[in-house]
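Please read the structure below before turning to the comments.
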Number of protein chains: 2
Amino acid sequence: MTTSGELVSPLDGIVLDRASPVPLYYQVAQYLERAIESGALSPGSRFENEIQLADRLGLSRPTMRRAMQHLVDKGLLVRRRGIGTRVVSPTVRRSLELTSLHDDLSRDGQRPGTKLLSLSEVPATAKVALALGLPAGAQVVEIVRLRSAMDQPIAKMTNHLPLGLIDLTATNLERQGLYEVIRSSGIRLHSATQVIGARVASAAEARLLGETRGAAVLTMQRTTYDDSGAVIEYGNHIYAASRYSFQLSLLAG
Amino acid sequence: MTTSGELVSPLDGIVLDRASPVPLYYQVAQYLERAIESGALSPGSRFENEIQLADRLGLSRPTMRRAMQHLVDKGLLVRRRGIGTRVVSPTVRRSLELTSLHDDLSRDGQRPGTKLLSLSEVPATAKVALALGLPAGAQVVEIVRLRSAMDQPIAKMTNHLPLGLIDLTATNLERQGLYEVIRSSGIRLHSATQVIGARVASAAEARLLGETRGAAVLTMQRTTYDDSGAVIEYGNHIYAASRYSFQLSLLAG
DNA sequence: CAGTGGTCTAGACCACACC
DNA sequence: GTGTGGTCTAGACCACTGT
């Protein structure tokens, strides 16, 4: 443990493997990240300058800089010319641990579960066809799932995918989650856009989610793209607002 | 205009200014970004390799790489080893133009407006004190604003800030927006965390936002941090869900 | 002034994709 | 093979901060 503001040499225990396929800058970045998360480097502790750090490891300065820049981009380090490099405060760090393309449910002891309600091939509605960039009425895969936490229903998730892109079966969907199935079929995800809104639940939705009549639900539509710009998946989801909210963090830029 | 897949040399008109304080890699990145956004580089067009591009501009390869990496991080370019560099499709690009720390309203012809309802010094409630890291009952600045679009109310925004951090006046708040005031007072923003939820509007909220009784509202709490980990601002906002939704884009990684 | 990070150069070798 | 991007080196000079 170090005290705040102290000058530290944060790389004492590291062993670099120059034969590894993992890049050196990444080995260093991961080591630093673990040291920061574990609290071995306390908030506000100041690093030695990058040239000394590079020398200690027998690395060139650009390689050392790249490792540190990786952590700056992640929000874990702050660097200022003429001043030095410092670790951001743990409050901020915790707030940055959220957010991803995936669900935020699987933290804590929430016992998350997903039940596959249906997996079928259906003609695309106008909205789905538009989102997937297909002609109206084209056949698409439809997945309907019920997400729960602590054995209570949380969300109804409906996804549509183009036919033939991915080999979806009930078994791998129940084991892996949709995004893992997509990735493991060799598709390179690029980006996604989400629209988050709210409305009052319909009677059927309220029943399914265990809410009372007139309750508010969060709605989310997501379109996911691959490297080539093709639409991989369109999702339309509703969440029980009394038991679920979206958490996300943003880095200033 | 180029055709899809064509090999292009995307730097023909660029003039570099080596005397400028703007870094060379950034001048190149900005030129490329403008060329992409303007459509001069069409979707899927493939770049010359980075060594040739660097040579054309009299730059070293690392500098050219840095410019391109900047656009990869922004989601505008995709690079693959052994293949080359390509411009992402315009559909994906448009979807990436959203998202920021700020409101998404100021696009299109939405005539956005903000009315300052109150600016005062109040004792912090328990929740506000916790968020700002102050003792309960400490004095804080409270701002309440009504956001509108096309002369219809959209959101009620309530912000609390520590005393003395920023010189807030009614005039500069109405001119500039809260975040601009914060930045121009020399504070380096680092990150923010948001929680987005939904609930049914209270009678008073429905009246203020022009909604009917029982309507759903979107809720958002945001905590904003500076470089040193101090809390700069805590916001608690409600949005008329029938006329507003959050749009955001995510890059895979 | 001395110390820090920010930028830039001119090479080298390697891993991967396609032919 | 050939061509691509990915990694790494060993220097250099500059801009900003605080003494």
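All chains are named by letter (A, B, ...) in the order of the sequence lines, taking the proteins before the strands, and each is independently numbered beginning at 1. What you see is a predicted model; the values in this text were computed from it and never measured. Basis for what follows: all heavy atoms, side chains included, without hydrogens, waters or symmetry-related copies.
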When you measure from the side chain of A:N159 to the backbone of A:H237, do you find a donor-acceptor pair of N or O atoms at a distance under 3.5 Å? no

Measure [atom1]/[X] against [atom2]/[N] and give the value in whole Å, please.
X     : N     : atom1 : atom2 : result
B:E48 : D:dG3 : CD    : P     : 14 Å
B:L16 : C:dC8 : CG    : C1'   : 13 Å
A:R66 : D:dG6 : CZ    : C1'   : 7 Å
B:R86 : D:dG5 : CZ    : P     : 13 Å
B:E50 : C:dC8 : CD    : C1'   : 16 Å

Heavy atoms under 4.0 Å, any strand shown: does [X] hit a base, just sugar-phosphate, or nothing?
X     : value
A:P62 : base
B:R65 : base
B:L24 : sugar-phosphate
B:R61 : base

Side chain to side chain contact (heavy atoms under 4.5 Å, CB included) between B:R86 and B:L77, worked out: CA-CA 6 Å; B:R86 300 187 331 131; B:L77 295 180; over 6 Å; no

With no hydrogens and no angle check, do the side chains of A:R145 and A:T114 hold a donor and an acceptor under 3.5 Å apart? no

Taking atom types as modelled, find out whether A:T224 and A:Y179 have a side-chain donor-acceptor pair closer than 3.5 angstrom. yes

For DNA chain D, whose closest nucleotide is more 5', that of A:R81 or that of A:S60? A:S60

Comparing A:G58 and B:I51 on DNA chain D - which has the more 5′ nearest nucleotide: B:I51

Nearest-nucleotide pick for [X], side chain only, options being [options]:
X     : options              : result
A:R79 : C:dG6, D:dT7, C:dT4  : C:dG6
A:R18 : D:dT4, D:dT9, D:dT17 : D:dT9
B:Y25 : D:dG5, D:dT9, C:dC8  : C:dC8

